[in-house]
Structure formats: structure tokens, C-alpha cells
Undergrad: 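Got a structure for you, written out below as C-alpha cells; questions coming shortly.
Atoms within each ligand, like the ligands themselves, are counted from 1 in listed order. Both backbone and side-chain heavy atoms feed into the values below; hydrogens, waters and symmetry mates do not.
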Amino acid sequence: MDSMTFVLFGGTGDLAKRKIYPALYNLFIEQKMPSSFSIIGLGRRGMSHNDFQESVEESIKEFSRGETTNSFKMVEFIESIRYVQFDATNKEDYKKLLKFVGQREQELNIPENRMFYLSVAPEFFDMIALNIKESGLGSTKGWKRMIIEKPFGHDLISARELNEKLSKAFEEEEIYRIDHYLGKPMVQNLGSLAFTNPILQALWNNKYIANIQITASEIVGVEERAGYYDHTGAIKDMFQNHMLQMLMMTAMHLPKEISAKEVANEKTKVMEALRPLQIEDVATHVIRGQYGPGVLNGENVVGYLHEPGIEETSKNDTFIAARLWIDDDFWYGVPFYIRTGKRMKEKSTRIVVEFKNPLKELYGDQIEDTLPNLLVIEINPNEGMSYVLNSRNPANGKTESIKVDYANDNKDVPEAYELLIHDALRGDSTFFAHWKEVELSWEYVQPILDAFKEQLLPLHSYPSGSYGPEAAHSLLREDGFKWWLDE
Ligand code: NAD
């Protein structure tokens with residue numbers, strides 16, 4: 001791997017502390033960092049290199065999944081870190097930064113490969129990218145890349161504007177848009193499931209699949225994020241990015257070769273085949289909800305409107321369920337159901353594939369009423385896969401459903417940020433969100449945002465600690481289905 005400089009904008013922020021430094025450190029101890037590297041953290045406050053290094057070490061000790069007791073390794077890692085006081089709005093600071101980056105490159109004798117990680121509020125993305133170009137930070141003799149965090153725009157127009165601006169400073173191949181769901185091992189596995197299992201490949205189409213359900217439910221409420229969440233809601237915070245990315249990964253066809261370009265191509269095809277929603281149809285296919293008070297783990301919790309920092313008249317969505325259709329030869333007629341929400345009964349990200357039962361058509365009543373075959377892919381917090389099949393119980397002669405289970409008990413797996421940063425350092429963008437995917441996702445979501453704004457659909461209240469509003473269950477009942485695995 002090429003030696004490089006890792007410039008972290010927002011180096012004193014929460015994300016940097018909880019995820020980015022621990023990820024870099026774990027990569028380092030697993031020998032997945034280049035042989036020489038320089039890490040430069042930026043923040044607005046004045047601070048000495050020493051104080052900053054100490055605070056990074058503390059974060060690693062607090063948040064790292066792996067070994068932090070090897071003081072020799074820790075010292076070696078921390079020694080690679082420097083701090084620069086930096087204000088993104090001040091052009092002079094970019095020049096100062098350029099000088100410092102160059103100085104460190106010379107000291108360490110490393111080439112001008114520069115990774116710019118923008119862990120800052122989205123309003124800084126375009127300003128920072130443009131100033132990287134103008135200041136000369138981006139004019140390197142080596143490579144330059146930029147990792148950016150979500151959100152990428154807040155609607156279709158703003159996303160296009162942002163992309164337009166970023167593309168003035170960076171080529172699309174140089175931009176790594178993080179969607180940390182794409183860093184989860186079981187999501188990364190989705191693309192290769194059908195590749196490695198001929199059984200699945202044979203069944204992965206509308207002849208055998210009745211419907212697919214993608215759920216991401218959380219127990220937590222809005223927590224301390226009221227200011228951000230109350231104008232974002234589940235639709236922008238989860239649905240437009242993470243949920244649609246999981247849909248693409250599930251529905252994409254086998255690429256001709258596993259390369260970033262081919263995978264992006266196949267994902268884009270899924271989005272292009274997604275049946276667009278007209279604003280007047282949103283209410284038929286989308287359910288929005290907001291949590292009310294309820295009981296969670298035996299404790300009473302307040303509803304969304306009584307959370308600190310939330311307006312009592314807020315119409316923000318904390319739950320979304322939707323029915324989507326992919327009109328291509330493979331998936332035509334198979335509904336994809338997506339739901340995501342806060343303050344739900346359990347924390348679970350999973351995909352359930354419900355298979356059809358063609359035997360019923362052949363044998364009709366001769367077949368006992370059995371459950372459909374299911375393939376369940378558990379993404380978070382557990383990782384695993386199971387099949388729900390039918391089998392005759394020898395004790396009573398009855399056919400019963402059985403579960404064939406695989407659970408990944410190895411808790412020592414790399415975190416999403418580790419996998420993704422490692423990929424970006426290697427120049428592999430397979431598990432990042434590419435512009436076309438992001439744009440098509442916003443295109444799909446825009447009529448839903450418009451319908452919300454015009455209040456064209458009800459805002460259903462659901463009790464905290466439930467599986468969401470009753471309307472989300474009716475959505476599937478209309479089609480003769482139900483959400484699987486709700487207790
Ligand atoms: P934070 O508020 O904790 O940190 C923000 C950082 O930006 C700080 O280091 C601060 O010094 C810096 N900053 C602010 N104004 C600046 C300026 N004018 N010039 C230079 N630096 C400035 O935020 P965070 O939680 O670390 O999130 C960072 C980004 O990541 C945001 O875009 C957020 O939306 C995104 N994100 C965060 C999380 C998370 O779990 N925290 C998850 C997904 C995405």
C-alpha cells in the first residue's frame with residue numbers, strides 16, 4: 001500500500017474520536033496501514049501536538065475494539081500524529097496546512113499521496129474541497145482522494161449542487177462517499193451470496209421469491225441529536241442512503257467481474273429499474289410515523305414531541321415503511337418492503353427473503369398449511385444467516401417449521417469504518433456510494449419529501465417499544481403478506 005498523509009478535517013469531533021482514530025489504530029496493529037504514514041488532525045482550538053496525541057490515545061483506549069495494551073505499538077502509532085489549528089472558512093489556514101503537510105512528507109520521506117477525510121458538518125464540504133484545490137493542497141505528485149461523510153445533500157437539487165461543486169476539485173474516482181452500512185460484513189456479503197451459492201442463484205428471481213423485507217429498527221430515540229434529526233427525519237437520515245443502499249446490494253445482479261466499476265454499474269441498474277413514485281401515489285406506498293410515549297425494557301419513555309429540543313408541533317418522521325417495485329426481468333412483480341424507525345421494540349437490521357410456494361398450486365389442499373421458506377440475513381447487532389424450512393416432526397407426524405442457523409460468533413471482526421478506510425487507502429471504492437447511485441436515490445425520494453411537505457399523507461403515531469404504526473402492517477396485509485420475525 002502506498003505511503004500517504006491522512007488529513008482529518010474535524011479531527012477533534014465526535015466521529016473522529018469514536019470511529020476514525022480507533023479504526024486507524026486497529027488497521028495499524030493488524031499491519032494494514034502503509035509502512036510510512038502521517039496523520040494530521042485539524043480542529044478549531046489551539047492545541048499542542050502533545051496534548052492532541054494524548055487525547056487521541058484516550059479515544060483509542062476508550063473506543064477501540066482491539067488490543068490497546070501494547071504500549072510499544074501505541075507509541076509508534078501516536079508518534080505519526082500531528083495537530084494543526086484550522087478554520088475551514090479562513091483561506092490562509094489552507095496555505096498553512098499545505099506547508100505543514102509538505103514539511104511532514106519531507107521529514108518522513110513519503111510521496112505526495114494525500115487522503116482528505118471530511119468529518120465536518122456538510123455545509124463545509126464544498127468550501128473545503130474547493131480550497132484544497134485553490135491552495136495547492138490537491139496539486140500533488142502522487143494521488144489525492146477525499147472521503148466524505150453523510151449527508152450528501154438534503155434533497156435532489158442540493159445533492160446535485162454539491163456534486164457539481166465537489167467535481168470542480170475532485171474526480172468522481174477520487175471521491176469516497178461513506179455509507180457505513182456498506183461497511184457491515186453481512187452487507188458486503190450480499191453481493192457475493194448468489195455468487196458463491198448456486199442454490200441461491202437459481203432461486204434469486206421473481207419465479208421463486210414472493211417478497212423481500214429490509215428492516216432497520218432502533219430502540220433509541222432522538223437522543224441528543226434533536227437539532228439535526230428534527231429537520232432530517234427517518235426518510236433522509238436512513239431511507240435515502242442506508243436503506244436504499246441495502247436494497248441495491250440485495251437486488252443487484254451478478255456483475256461480470258467484481259470490481260468497483262461493475263458493482264456500481266449493477267447497483268445503478270437497480271435504481272434505474274425502480275418504479276418511480278408519483279407524488280399522488282406516495283400515500284399508497286409509504287407509511288410515515290412518529291413515536292409516542294410507551295414502555296421500553298419495563299421503563300416508561302416519553303414520545304417524540306416531549307423529547308428535549310423538539311418542537312411540540314413537529315411533524316417529523318421517526319418511522320418510514322415503504323413498498324417498492326423493481327421493474328426488471330428478475331424482480332418484476334416482487335414487492336420490496338423497507339422499514340426503519342426509532343424507539344422500536346428491538347434493535348435489528350435484517351433482510352428477510354420470503355419464497356413462493358409453487359407446490360401449493362400443484363397440490364392445493366393436500367399440502368398442510370406450512371410457513372413459507374424464508375432466508376434471513378442478520379446484519380446488526382448479530383451477524384448471521386438462517387433458513388426457515390418445513391420438516392416432518394417424527395414425534396407427532398406433523399409438519400413444522402425448522403430453522404437452519406448460522407451465527408457469526410466471532411466478535412473480533414473489523415468495524416465498518418476499519419473496512420472502509422482500509423479500502424479507501426487501497427483505492428478500492430466497491431463499498432462506497434457513487435454519485436449516480438446517490439442521485440438516483442434522491443430522485444426516488446424527492447416525491448416522498450414533496451408529499452410530506454404538502455402533508456399528503458397521515459403521520460401515524462406508534463407507541464415506543466412497538467413495531468411501528470398499524471398502517472405499516474396493513475401495507476403488507478394488503479398484498480397477503482406480513483412482516484416476518486416480529487415477536
Ligand atoms: P462534531 O460536531 O463532533 O465535530 C465537528 C468537527 O468539525 C470538530 O472537529 C470541529 O472542530 C470541526 N469544525 C467545526 N467548524 C469548523 C470550522 N469552521 N473549521 C474547521 N473545522 C470545524 O461532529 P461529528 O459528530 O464528529 O460529525 C462530523 C460529520 O460526520 C458530520 O457531517 C456528521 O453529519 C457526520 N456523521 C457523524 C456521525 C456520528 O456518528 N457522529 C455519523 C454519520 C455521519
Side-chain angles (χ1 to χ4, degrees), residues 6-24 39-47 51-52 55-56 58-59 62-63 81-98 100 116-132 135 137 146-154 158-159 162 166 175-184 216 218 220-234 236-243 245 309 340 342 347 349 380 415-421 424 432-433 438:
F6 192 95
V7 184
L8 183 52
F9 296 81
T12 52
D14 178 61
L15 188 69
K17 287 182 185 155
R18 282 189 307 108
K19 299 288 180 187
I20 304 173
Y21 298 124
L24 288 168
I39 297 174
I40 300 176
L42 313 180
R44 273 174 308 175
R45 292 171 253 158
M47 210 186 321
D51 287 351
F52 183 63
S55 79
V56 172
E58 269 167 34
S59 313
E62 187 174 356
F63 296 110
I81 301 176
R82 295 290 183 277
Y83 180 75
V84 172
Q85 185 178 10
F86 176 88
D87 179 355
T89 59
N90 181 353
K91 284 190 185 292
E92 288 308 309
D93 280 2
Y94 293 86
K95 291 192 187 139
K96 196 177 76 181
L97 178 62
L98 171 64
F100 190 76
F116 301 102
Y117 194 128
L118 274 52
S119 179
V120 288
E123 53 268 31
F124 292 118
F125 292 169
D126 53 347
M127 177 193 294
I128 293 179
L130 220 63
N131 279 297
I132 286 175
S135 64
L137 268 165
M146 176 172 62
I147 302 181
I148 55 175
E149 279 293 334
K150 72 167 199 185
F152 198 92
H154 51 86
S158 62
L162 176 58
L166 296 187
I175 303 177
Y176 290 71
R177 294 177 197 82
I178 287 235
D179 184 311
H180 68 272
Y181 276 66
L182 291 177
K184 295 189 190 285
E218 295 179 275
V220 294
V222 64
E223 299 181 292
E224 292 87 37
R225 296 165 74 215
Y228 159 78
Y229 193 78
D230 201 39
H231 60 261
T232 309
K236 296 184 197 175
D237 188 45
M238 291 292 295
F239 187 94
Q240 180 273 331
N241 37 54
H242 309 313
M243 304 309 284
Q245 282 290 339
T340 180
K342 286 193 180 294
K347 176 179 170 67
T349 304
N380 192 42
E415 279 239 348
Y417 273 87
E418 254 171 271
L419 291 170
L420 295 173
I421 291 174
F432 289 81
V438 175

Undergrad: Looking at atom 4 (O) of ligand 1, what's its closest protein heavy atom, distance included?
TA: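 Its nearest protein heavy-atom neighbour is G13 CA, 3.3 Å.
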Undergrad: Distance to the ring centre below 6.0 angstrom and angle to the axis at most 45 degrees; does that hold for K184 and Y181?
TA: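 So K184 does make the cation-pi contact.
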Undergrad: If you measure from atom 27 (O) of ligand 1 to every heavy atom of D93, T232, N241, L15, which option wins on shortest distance?
TA: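 Result: the heavy atom closest to atom 27 (O) of ligand 1 is in L15.
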Undergrad: Consider every N or O of V120 and every N or O of ligand 1, then say whether any pair is closer than 3.5 Å.
TA: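 Yes, since at least one N or O of V120 sits under 3.5 Å from an N or O of ligand 1.
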Undergrad: In terms of residue, atom name and distance, what is the protein heavy atom nearest to atom 23 (O) of ligand 1?
TA: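 Here the nearest protein heavy atom works out to D14 N, 4.4 Å.
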Undergrad: Where is the nearest protein heavy atom to atom 13 (N) of ligand 1: which residue, which atom, and how far?
TA: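 Looking only at protein heavy atoms, the one closest to atom 13 (N) of ligand 1 is R44 NE, 3.8 Å.
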Undergrad: Which heavy-atom pair separates K342 from E218 by the least distance, and what is that distance?
TA: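 Of all heavy-atom pairs spanning K342 and E218, the closest is NZ-OE1, 3.1 Å.
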Undergrad: Counting each atom of ligand 1 from 1 as listed, which ones have a heavy atom of F124 under 4.0 Å away?
TA: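 So the atoms of ligand 1 that pass are 15 (N), 16 (C), 17 (C), 18 (N).
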Undergrad: Answer yes or no for Y228: is there a heavy-atom contact with ligand 1 below 4.0 Å?
TA: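 No heavy atom of Y228 comes that close to ligand 1.
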Undergrad: Return yes if some donor-acceptor pair links the side-chain N/O of D230 with the main-chain N/O of A226 below 3.5 Å, else return no.
TA: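 Not at all, since once roles are kept as given, no pair shorter than 3.5 Å links the two residues.
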Undergrad: Do any N or O atoms from the side chain of K347 and from the backbone of V220 form a donor-acceptor pair under 3.5 angstrom?
TA: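 Checking the backbone N and O of V220 against the side chain of K347, no donor-acceptor pair under 3.5 Å is found.
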Undergrad: Taking heavy atoms and a distance under 4.0 Å, where does R18 meet ligand 1: side chain, backbone, both or neither?
TA: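 Under 4.0 Å from ligand 1, R18 contributes side-chain atoms alone.
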Undergrad: Is the shortest N/O to N/O distance between G43 and ligand 1 below 3.5 Å?
TA: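 G43 vs ligand 1: no N/O contact under 3.5 Å.
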Undergrad: Any protein heavy atom under 4.0 Å from atom 18 (N) of ligand 1?
TA: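 It does: a protein heavy atom is found less than 4.0 Å away from atom 18 (N) of ligand 1.
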Undergrad: Quick one: pull up OG in S135 and CG in L98 and give me the separation to the nearest 0.5 Å.
TA: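 Atom-to-atom, S135:OG and L98:CG are 6.0 Å apart.
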Undergrad: Considering heavy atoms of the protein only, find what lies nearest to atom 12 (C) of ligand 1 and give residue, atom and distance to 0.1 Å.
TA: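 Answer, as residue, atom name and distance: G10 CA, 4.0 Å.
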Undergrad: Closest non-hydrogen protein atom to atom 34 (O) of ligand 1, residue and atom name please, with distance?
TA: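 Looking only at protein heavy atoms, the one closest to atom 34 (O) of ligand 1 is K150 O, 3.4 Å.
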Undergrad: Got more than 12 heavy atoms from elsewhere within 6.0 Å of CD, E123?
TA: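 Yes.
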Undergrad: Which residue owns the protein heavy atom closest to atom 8 (C) of ligand 1, what's the atom, and how far is it?
TA: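 Of the protein heavy atoms, T12 OG1, 3.6 Å lies nearest.
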Undergrad: Report yes or no: does K17 contribute a side-chain atom to a donor-acceptor pair with the main-chain N or O of S55 at less than 3.5 Å?
TA: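 No, the answer is negative, given that no donor and acceptor are paired below the 3.5 Å cut-off.
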Undergrad: What do the steps show when you test K19 against H180 for side chain to side chain donor-acceptor pair (under 3.5 Å), and what is the final call?
TA: CA-CA 11 Å; K19 299 288 180 187; H180 68 272; over 6 Å; no
Undergrad: Are the side chain of Y21 and the backbone of G11 linked by a donor-acceptor contact shorter than 3.5 Å?
TA: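 Checked: pair present.
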Undergrad: What part of S119, side chain, backbone, both or neither, has a heavy atom within less than 4.0 angstrom of ligand 1?
TA: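 For S119, the contact with ligand 1 is made by both the backbone and the side chain.
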Undergrad: Would you check if the side chain of D93 reaches a backbone N or O of A88 as a donor-acceptor pair within less than 3.5 Å?
TA: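 A pair under 3.5 Å: no.
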Undergrad: Going by the atom numbers of ligand 1, which of them fall below 4.0 Å from some non-hydrogen atom of D87?
TA: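 So the answer, numbered in order with elements, is 17 (C), 18 (N), 19 (N).
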Undergrad: Only heavy atoms of P122, strictly under 4.0 Å: list the atoms of ligand 1 that pass.
TA: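 Answer for ligand 1: 32 (O).
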Undergrad: When you measure from the side chain of Y117 to the backbone N and O of A16, does any donor-acceptor pair fall under 3.5 Å?
TA: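 A pair under 3.5 Å: no.
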Undergrad: Relative to ligand 1, is E149 under 4.0 angstrom through side chain, backbone, both or neither, heavy atoms considered?
TA: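 Side chain only.
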